[in-house]
Asker: 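Below are the structure tokens for one structure; questions will follow.
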Amino acid sequence: MQDVPALVAQAREGRPRAVARLISLVEGASPQLRDVMAALAPLTGNAYVVGLTGSPGVGKSTTTSALVSAYRAAGKRVAVLAVDPSSPFSGGALLGDRIRMSDHASDPGVYIRSMATRGHLGGLAWAAPQAIRVLDAAGFDLVLVETVGVGQSEVEIAAQADTSVVLLAPGMGDGIQAAKAGILEIGDLYVVNKADRDGADATARELNHMLGLGEARSAGDWRPPIVKTVAAKGVGVDDLVDALEKHRGWMEERGVLAERRVARAAREVETIAVTALRSRIADLSGDARTGALAAQVVGGELSPYAAADVLLDAIAPRAPRALGAPEESAGG
């Protein structure tokens with residue numbers, strides 16, 4: 001058993017081993033996880049969480065590393081949560097972004113952690129929200145969350161970050177992919193990286209055109225800017241930092257930042273509750289009642305909704321009706 005108060009105190013002092021152990025407790029769904037979250041709760045709410053997402057090969061890790069350098073130069077403590085695909089054998093992170101960000105490995109003001117998705121869809125690891133909470137409580141000023149390469153459904157970062165940055169690159173068909181993948185709906189900022197390549201201006205123009213076709217905005221609404229960078233050379237990184245700080249300021253001024261954080265916490269609470277409910281249902285999977293209910297459904301005595309209601313009442317009597325279905329009589 002870990003000494004949770006001691007770990008939290010050490011994490012607040014900037015000791016990376018303590019931060020690593022706390023995140024490991026999160027990833028492993030430790031029995032001490034409730035104690036960890038209770039200890040961290042009063043310490044959170046200060047870190048600025050920035051999510052970086054985009055198709056594979058657009059330079060997410062390079063851009064993340066460049067942002068780390070820029071914010072460290074400004075004296076900020078920075079944490080990176082790099083979400084990688086899972087190894088099909090060990091379940092661990094497959095790519096290991098810590099290797100690609102080795103320039104910062106010896107900096108005590110930087111903490112880098114790779115997390116495996118472990119089959120979780122959405123471009124993030126299932127434990128990412130609570131890992132972000134650990135990094136926030138540990139006193140980092142900025143938490144950069146780099147997702148796996150997104151496809152048409154992997155846009156979950158928008159629900160976990162204060163600001164979502166979508167990266168594209170010329171010559172990769174990103175304009176068409178942007179329309180297909182729905183990433184135009186999640187970006188607060190757009191970055192055309194590798195802008196020294198042919199077609200960068202055309203990619204930016206096409207992206208600007210598609211953003212113009214989106215929802216109508218009122219005066220004062222945020223208009224996502226498009227920043228061109230060559231992250232590998234540090235070109236345009238200052239412009240990206242300026243855009244991030246402008247978006248943060250805009251959110252704070254209008255109360256949007258607080259709204260997003262409340263919504264994020266609500267999703268986290270719902271996820272924990274649903275996970276617990278699924279666990280209880282799994283515990284009943286071999287129960288005689290489940291088999292009896294299934295037989296009644298097959299025999300036409302109960303509808304699936306009525307059977308689900310009975311099962312839910314056995315697990316949590318005060319739970320709402322299954323799937324929002326109207327109440328049915330026992331005869332279905």
Side-chain angles (χ1 to χ4, degrees), residues 48 50-71 73-74 80 82 95 97 100-101 103 123 142 144-158 161-251:
Y48 178 35
V50 176
L52 295 99
T53 191
S55 303
V58 296
K60 293 188 296 296
S61 293
T62 305
T63 301
T64 299
S65 182
L67 283 174
V68 170
S69 297
Y71 275 96
V80 177
L95 299 180
D97 287 77
R100 288 178 277 168
M101 299 181 199
D103 290 347
L142 177 72
L144 298 171
V145 184
E146 179 195 334
T147 75
V148 299
V150 296
Q152 294 186 19
S153 64
E154 294 169 336
V155 291
E156 192 175 309
I157 187 59
D162 296 325
T163 298
S164 297
V165 179
V166 177
L167 282 83
L168 303 95
M172 299 183 68
D174 282 313
I176 296 173
Q177 290 302 315
K180 289 174 59 180
I183 61 173
L184 292 182
E185 300 174 4
I186 69 166
D188 297 305
L189 280 73
Y190 291 87
V191 175
V192 178
N193 192 34
K194 305 181 182 181
D196 52 349
R197 293 184 176 180
D198 292 339
D201 291 339
T203 299
R205 283 195 303 270
E206 185 177 1
L207 179 57
N208 187 58
H209 174 68
M210 286 191 288
L211 287 172
L213 296 176
E215 296 181 2
R217 295 180 176 85
S218 303
D221 285 354
W222 178 256
R223 162 85 180 184
I226 300 170
V227 180
K228 289 190 287 186
T229 64
V230 185
K233 300 178 181 177
V235 176
V237 175
D238 289 343
D239 294 336
L240 176 54
V241 171
D242 287 343
L244 285 169
E245 292 305 314
K246 285 180 181 177
H247 184 244
R248 183 180 187 177
W250 176 86
M251 289 191 296

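Heavy-atom basis, side chains included; hydrogens, waters and symmetry copies ignored.
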Asker: Looking only at non-hydrogen atoms, find the nearest pair between Lys194 and Ala169 and report the distance.
Answerer: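 Residues Lys194 and Ala169, closest heavy atoms: CD-CB, 4.3 Å.
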Asker: Would Val165 and Leu244 satisfy side-chain contact (heavy atoms from CB on, under 4.5 Å), going step by step from the backbone distance to the final call?
Answerer: CA-CA 9 Å; Val165 179; Leu244 285 169; 3.8 Å; yes
Asker: What I'd like to find out is whether the side chain of His209 reaches to under 4.5 Å of the side chain of Glu206, using heavy atoms alone.
Answerer: no
Asker: Give me the atom names and distance for the closest heavy-atom approach of Gly187 to Pro224.
Answerer: O-CG, 3.8 Å
Asker: Heavy atoms, side chains only, cut-off 4.5 Å: are Pro170 and Val192 in contact?
Answerer: yes
Asker: Ignoring hydrogens and angles, tell me if any N or O in the side chain of Trp222 forms a donor-acceptor pair with the backbone of Asp188 under 3.5 Å.
Answerer: yes
Asker: Within a strict 4.5 Å, meaning less than it, do heavy atoms of the Glu245 and Tyr48 side chains meet?
Answerer: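 Yes; the side chains approach each other to less than 4.5 Å.
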Asker: Give me the atom names and distance for the closest heavy-atom approach of His247 to Leu189.
Answerer: CB-CD1, 4.0 Å
Asker: So, using salt bridge (charged side-chain N to carboxylate O under 4.0 Å, His left out) as the criterion, who are the partners of Lys233 when residues are at least two apart?
Answerer: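 Lys233 satisfies salt bridge (charged side-chain N to carboxylate O under 4.0 Å, His left out) with Asp196 once adjacent residues are dropped.
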Asker: Can you tell me how far apart CG (Leu144) and OG (Ser65) are? Round to the nearest 0.5 Å.
Answerer: 10.0 Å
Asker: Could you tell me which residues satisfy side-chain hydrogen bond (donor to acceptor under 3.5 Å, both in side chains) with Asp239, sequence neighbours excluded, listed by chain and number?
Answerer: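 Scan of Asp239 (side-chain hydrogen bond (donor to acceptor under 3.5 Å, both in side chains), adjacent residues dropped) gives none.
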Asker: Measuring from Thr229:OG1 to Leu240:CG, what's the distance to the nearest 0.5 Å?
Answerer: 7.0 Å
Asker: Rounded to the nearest 0.5 Å, what separation is found between the CZ atom of Arg248 and the OG1 atom of Thr163?
Answerer: 8.5 Å
Asker: For Thr63, give me all partners under side-chain hydrogen bond (donor to acceptor under 3.5 Å, both in side chains), at least two apart in sequence or on another chain.
Answerer: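 Testing Thr63 for side-chain hydrogen bond (donor to acceptor under 3.5 Å, both in side chains), a comparison that skips the adjacent residues, returns none.
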Asker: To check you understand the geometry: which heavy-atom pair defines the closest contact between Ala200 and Ala195, and what is its length?
Answerer: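 In this case the closest contact between Ala200 and Ala195 is CB-O, 3.4 Å.
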Asker: Are the side chain of Lys60 and the backbone of Gly54 linked by a donor-acceptor contact shorter than 3.5 Å?
Answerer: yes
Asker: Please check: side-chain N/O of Asn193 versus main-chain N/O of Ala231, any donor-acceptor pairing under 3.5 Å?
Answerer: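 Between the backbone of Ala231 and the side chain of Asn193 there is a qualifying donor-acceptor contact (under 3.5 Å).
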Asker: Using the rule side-chain contact (heavy atoms from CB on, under 4.5 Å), only one of Leu52, Val50, Val145 pairs with Thr64; which is it?
Answerer: Leu52
Asker: Sequence neighbours excluded, which residues qualify as side-chain hydrogen bond (donor to acceptor under 3.5 Å, both in side chains) partners of Asp201?
Answerer: Lys228
Asker: State, to 0.1 Å, how close Leu211 and Tyr190 come at their nearest heavy-atom pair, and which atoms those are.
Answerer: CD2-CE1, 3.7 Å
